Amino acid sequence: MGNYNFREIEEKWRHFWDENNTYYTDVRDFSKPKYYILDMFPYPSGQGLHVGHPRGYITTDIVARMKRMQGYNVLHPMGFDSFGLPAEQYAIKTGNSPIDFTYKNIDNYIRQMKLMGLGYDWSKKIATCDPEYYKWTQWMFKQLFLDGYAKYEDCPVNWCEELGTVLANDEIINGKSERGGFPVVRKNMKQWVINIPTYAEKLLEGLDELDWTEQAKTTQRNWIGKSKGANITFEVSGTKEHFTVFTTRPDTLFGATYCVLAPEHKLIDTITTNECKKAVEEYKKICLTKSDLERTELNKEKTGVFTGAYAINPVNQAKLPIYISDYVITTYGTGAIMSVPAHDQRDYEFAKKFNLDIIPVIEGGDISVQAYEADGKHINSDFLNGLDKQEAINVMCKYLEDHNLGKATTSYKLRNWIFARQRYWGEPVPILHNGDECIALEDEELPLELPKLKDFKATNGQAPLESAEEWKYVNRNGKTYKRETSTMPSSAGSCWYYMRYIDPHNDDTFADYELMKHWLPVDLYVGGSEHLTGHLIYSRFWNRYFYDKGLVPHKEPFKKLVNQGLILGPNGEKMSKSKGNVINPDDIIAEYGADTLRLYEMFIGPITDTAPWDTSNIEGVKRFIDRIYRLYFELDYINDKQNDAVTKVYHETVKKVTENFEKLEFNTAISQMMIFINTVYKEKQLNNTLAENFIKLISPICPFIAEEVWQQVFKHNESITTAKWPTYDENMLKNDTFELVISYNGKFISKQATPMNTSKEELIKLAKDYYNAHPKDGKQIKNVIAVENKLVNIVLE
RNA sequence: GCCGAAGUGGCGGAAUAGGCAGACGCACAGGACUUAAAAUCCUGAGAGGGCAACUUCGUGUGGGUUCAAGUCCCACCUUCGGUACCA
């Protein structure tokens with residue numbers, strides 16, 4: 001008993017699938033409906049996969065397998081987001097090449113994935129660090145450059161000194177670098193930036209048509225951060241200078257008592273009076289050296305200094321002192337605000353600290369305590385008096401526009417995408433510099449390959465490629481140009497990889513348009529929610545830009561998105577090397593087999609929830625697989641007889657499993673399959689045909705044992721992967737009778753078998769008869785509620 | 001602070017067009033098989049009370065709607081995730 005040798009069996013089918021190219025997809029076969037199912041491709045780290053990673057991969061593998069069996073032409077590829085910091089740091093530390101390191105890791109990932117039985121079509125494999133791939137990343141960047149979306153400009157960036165590079169907003173967590181947790185400061189630098197904010201509106205609109213959770217959409221909407229308001233121009237008193245503020249509350253303009261410029265604001269030097277110069281300079285210096293974390297620390301006291309200059313309120317000519325303070329951010333709005341302390345808590349705190357006027361312009365609240373930010377009738381506001389917030393905003397906007405003092409504007413939190421890293425291990429930027437002139441490489445010069453370096457370390461804040469002396473200089477049209485020595489961020493290659501899978505070896509274009517038209521958008525995309533504000537914004541932008549250019553056939557790349565939950569370590573903490581709670585799938589597979597690992601990860605709970613790893617539960621699902629094995633190979637329950645109880649459960653199971661798989665509810669699908677197997681064990685009987693079909697049902701989750709049964713027991717020569725998915729008979733699910741629930745005052749009392757579709761009148765009669773036979777405390781029936789085919793509730797006095 | 005998700009046995013979790021709470025599994029207990037153990041098979045089980053049929057209490061807390069609430073409404077508490085002075 002129990003001699004299920006999973007090691008031998010799994011090894012056998014692994015080879016069989018490899019040798020028979022079982023998971024190969026012919027993308028030019030349009031005869032069947034298509035289904036494109038995609039995982040977020042991993043960064044191939046040196047540690048390999050832990051058991052948390054495959055949760056998503058198993059999910060997509062199950063759906064891919066079912067869809068294949070349902071007659072779809074399924075594209076289910078995998079690749080590697082293989083540029084990135086860890087390989088470079090490893091190279092610096094060990095003196096090895098990041099290239100060899102990366103490819104070695106990729107091989108290990110592929111080995112692990114095959115070990116788990118993930119049915120990827122490896123002929124479509126891509127790696128973003130392959131020159132054949134990044135040729136097109138560079139080509140696409142070139143288009144962005146030629147169209148003016150990618151610019152080389154002086155801009156405030158997030159600088160990480162320890163990493164020696166700039167970082168994007170989504171690479172910073174709590175003011176520290178995502179990689180390494182080092183402090184990040186603000187700095188002005190000439191950098192490659194991509195103007196995504198111009199696509200903010202399109203990215204917002206595009207969300208509406210997507211089959212994503214509201215949560216995912218909301219996260220993106222918040223990140224894009226659309227605010228309606230107005231830009232208002234203020235003259236600087238006694239000068240010819242002026243500046244513009246952005247406000248969402250133009251209706252409170254009469255309550256403005258001062259203005260604040262961000263410390264980086266260009267006008268500061270011009271307008272600061274001599275008496276204030278010293279203090280202003282000092283304050284600016286402090287701001288520059290503060291890390292982002294220090295600048296945004298919780299409950300921080302407001303700081304700032306007076307410039308000595310005054311702005312003129314355009315609607316009532318009031319003189320407003322101009323301050324600078326780091327509570328105003330240079331990268332949002334115009335980097336300048338008008339302050340209305342009566343109706344904005346931040347302004348209120350600043351005003352209290354610096355003893356500035358607080359003038360209420362809206363009724364309600366108590367401004368001796370705090371700012372009043374709610375709606376109300378306007379006061380002290382001339383032509384706005386008596387109006388509520390929205391009316392006042394409309395009237396003020398019209399007034400500003402009519403008098404050429406400002407205009408209604410929309411602002412977004414979404415910022416420029418800093419598209420350069422002072423790193424080696426990334427795509428070279430295909431640009432040549434000569435002074436202020438930037439030119440793109442010719443298409444024939446792509447890919448621009450990374451030169452081999454001896455030392456990958458950045459010195460003196462310079463990019464590692466600065467040391468590639470020969471590579472660095474290029475003659476063109478009689479002039480000497482210097483190559484761009486920053487490389488692209490790792491989010492570059494992941495912006496379009498889902499296109500390349502469709503046509504991975506095309507040398508003429510990034511992907512054939514007709515093939516993309518057929519295969520895109522991705523039908524189901526599974527990956528972690530941490531990518532919502534990075535990768536999933538960038539790739540949607542990338543796709544939309546190329547759609548607008550007519551090079552990509554669909555507006556949106558990912559029709560349905562699912563974010564799988566984390567698997568925590570046995571101690572309930574996030575798995576990490578440093579916490580020592582990492583579980584390696586290789587170990588689990590060696591001990592229990594890949595089928596068990598897959599089944600366990602799917603049985604653990606809803607895939608969108610976080611769940612702790614619990615080894616004792618693995619034993620339970622292993623037991624279930626053993627029961628299946630025994631049923632097919634050892635017990636003699638399977639024959640050509642029929643058994644009504646089993647047949648009924650069988651049809652329920654086909655229905656439930658099919659529906660559950662479709663909705664990615666694997667834990668309940670597995671429960672149902674357990675119920676089926678329990679029934680068979682109880683009845684000690686299973687019809688041949690049902691036995692053959694049941695193994696198909698479980699094959700997406702447990703492909704190894706399913707293949708073993710399919711080929712050894714049922715003597716098929718082809719993989720179960722190509723079998724036809726079972727269907728159920730709706731008639732078999734119907735019953736002649738149902739269990740009528742009888743309750744008193746809503747409390748369950750009893751139930752009795754009753755013919756289906758018994759009329760309400762008869763149910764009520766039944767209920768009354770029942771009550772007469774089983775009265776309670778001599779109480780009288782007040783009412784009887786009957787629900788057909790379900791219950792009767794007897795309401796007592 | 002703001003946005004989002006979630007609180008159900010000893011544990012992971014089922015059940016929402018409102019209708020038998022705790023499916024399925026783990027751990028636990030008992031039985032069968034065995035010289036014995038493991039494995040396997042069968043049975044039991046939310047908590048309290050009763051020999052018992054039975055009975056009371058039970059889905060984070062407090063209210064409410066309803067014949068009927070884990071499910072709907074209001075207020076609150078807790079946990080997790082995201083975000084961070086966005087004017």
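By convention in this document, chain letters (A, B, ...) are assigned in the order of the sequence lines, proteins followed by strands, and residues within each chain are numbered from 1. The structure presented is a predicted model; accordingly, all values stated were derived computationally and were not measured.
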Review point. Are A:Arg627 and A:Tyr681 in a cation-pi contact, defined as NZ or CZ under 6.0 Å from the six-membered ring centre and within 45° of the axis?
Key: yes
Exercise for review: Give the rounded distance in Å between these two atoms: CG of A:Leu796 and P of B:rA68.
Suggested key: 12 Å
Practice item. Taking the side chain as every heavy atom from C-beta outward, state whether A:Phe624 and A:Leu599 have any pair of such atoms under 4.5 Å apart. Key: yes
Exercise for review: Find out whether the Lys NZ or Arg CZ of A:Lys684 is both under 6.0 angstrom from the six-membered ring centre of A:Tyr637 and within 45° of the ring's axis.
Suggested key: no
Review point. Checking all strands, does A:Ser227 fall into the base, sugar-phosphate, or nothing category for heavy-atom contacts under 4.0 angstrom?
Key: sugar-phosphate
Point to revise | A:Glu201 bridged to A:Lys226 by N-O distance under 4.0 Å | key: yes
Would you list the atom pairs, donor with acceptor, under 3.5 Å between side chains in residues 337-344 of chain A and any protein atom, with sequence neighbours excluded?
from: A:His343; atom 1: ND1; to: A:Tyr372; atom 2: O; distance (Å): 2.8
from: A:His343; atom 1: NE2; to: A:Val361; atom 2: N; distance (Å): 2.9
from: A:His343; atom 1: NE2; to: A:Ile362; atom 2: N; distance (Å): 3.2
from: A:Asp344; atom 1: OD1; to: A:Arg346; atom 2: N; distance (Å): 2.9
from: A:Asp344; atom 1: OD1; to: A:Arg346; atom 2: NE; distance (Å): 3.2
from: A:Asp344; atom 1: OD1; to: A:Asp347; atom 2: N; distance (Å): 3.1
from: A:Asp344; atom 1: OD2; to: A:Arg346; atom 2: NH2; distance (Å): 2.5

Point to revise | Whole-Å distance separating the CD atom of A:Gln345 from the P atom of B:rC2 | key: 12 Å
Review point. What is the distance, rounded to the nearest whole Å, between atom CD of A:Gln215 and atom P of B:rC80?
Key: 16 Å
Check your understanding: Who pairs with A:Tyr650 by side chain to side chain donor-acceptor pair (under 3.5 Å), at least two apart in sequence or on another chain?
Key -> A:Asn693
Exercise for review: Quick one: look up who B:rC76 pairs with, Watson-Crick or G-U, both distances under 3.5 Å, and put none if it's unpaired.
Suggested key: B:rG60
Exercise for review: Using heavy atoms to find the nearest nucleotide of RNA chain B for A:Thr219 and A:Asn617 separately, return the residue whose nucleotide is more 5′.
Suggested key: A:Asn617
Review point. Is A:Arg221 near enough to B:rG4 that one of its side-chain N or O atoms lies under 4.0 angstrom from OP1 or OP2?
Key: no
Study note, to complete from the structure: Here the distance between atom P of B:rU83 and atom CD of A:Gln220, to the nearest Å, is 13 Å
Exercise for review: Flag the pair A:Arg630 and A:Asp626 as a salt bridge only when some basic side-chain nitrogen lies within less than 4.0 angstrom of an acidic carboxylate oxygen.
Suggested key: no
Practice item. May I ask you to say what A:Gly620 touches in the nucleic acid, namely base, sugar-phosphate or nothing, with a heavy-atom cut-off under 4.0 Å? Key: sugar-phosphate
Check your understanding: Within this structure, what is the CG-to-P distance between A:Asn222 and B:rG4, rounded to whole angstrom?
Key -> 8 Å
Review point. Roughly how many Å is it from CG in A:Asn783 to P in B:rU66, rounded to a whole number?
Key: 14 Å
Exercise for review: Compare the minimum distances between each of B:rC85, B:rA27, B:rA84 and the side chain of A:Arg623, then state the nucleotide with the smallest one.
Suggested key: B:rA27
Review point. Is any side-chain N or O of A:Arg630 closer than 4.0 Å to OP1 or OP2 of B:rA39?
Key: no
Exercise for review: Provide, to the nearest angstrom, the distance between the CG atom belonging to A:Leu568 and the P atom belonging to B:rC80.
Suggested key: 11 Å
**Study point:** Reading 5' to 3' through nucleotides 13-24 of chain B, protein heavy-atom contacts under 4.0 Å coded B for base, S for sugar-phosphate only, - for none
**Key:** SS----BB--BB
Practice item. With the side chain of A:Ile329 defined as its heavy atoms from C-beta on, choose the nearest nucleotide among B:rC85, B:rC67, B:rG4. Key: B:rC85
**Study point:** Which residue lies more 5' along RNA chain B, comparing A:Thr248 with A:Lys684 via nearest heavy atoms
**Key:** A:Lys684
Check your understanding: Distance check: side-chain N/O of A:Tyr332 vs OP1/OP2 of B:rA87, anything under 4.0 Å?
Key -> yes
Practice item. Please determine if a side-chain N or O atom of A:Thr533 lies less than 4.0 Å away from the OP1 or OP2 oxygen of B:rG82. Key: no
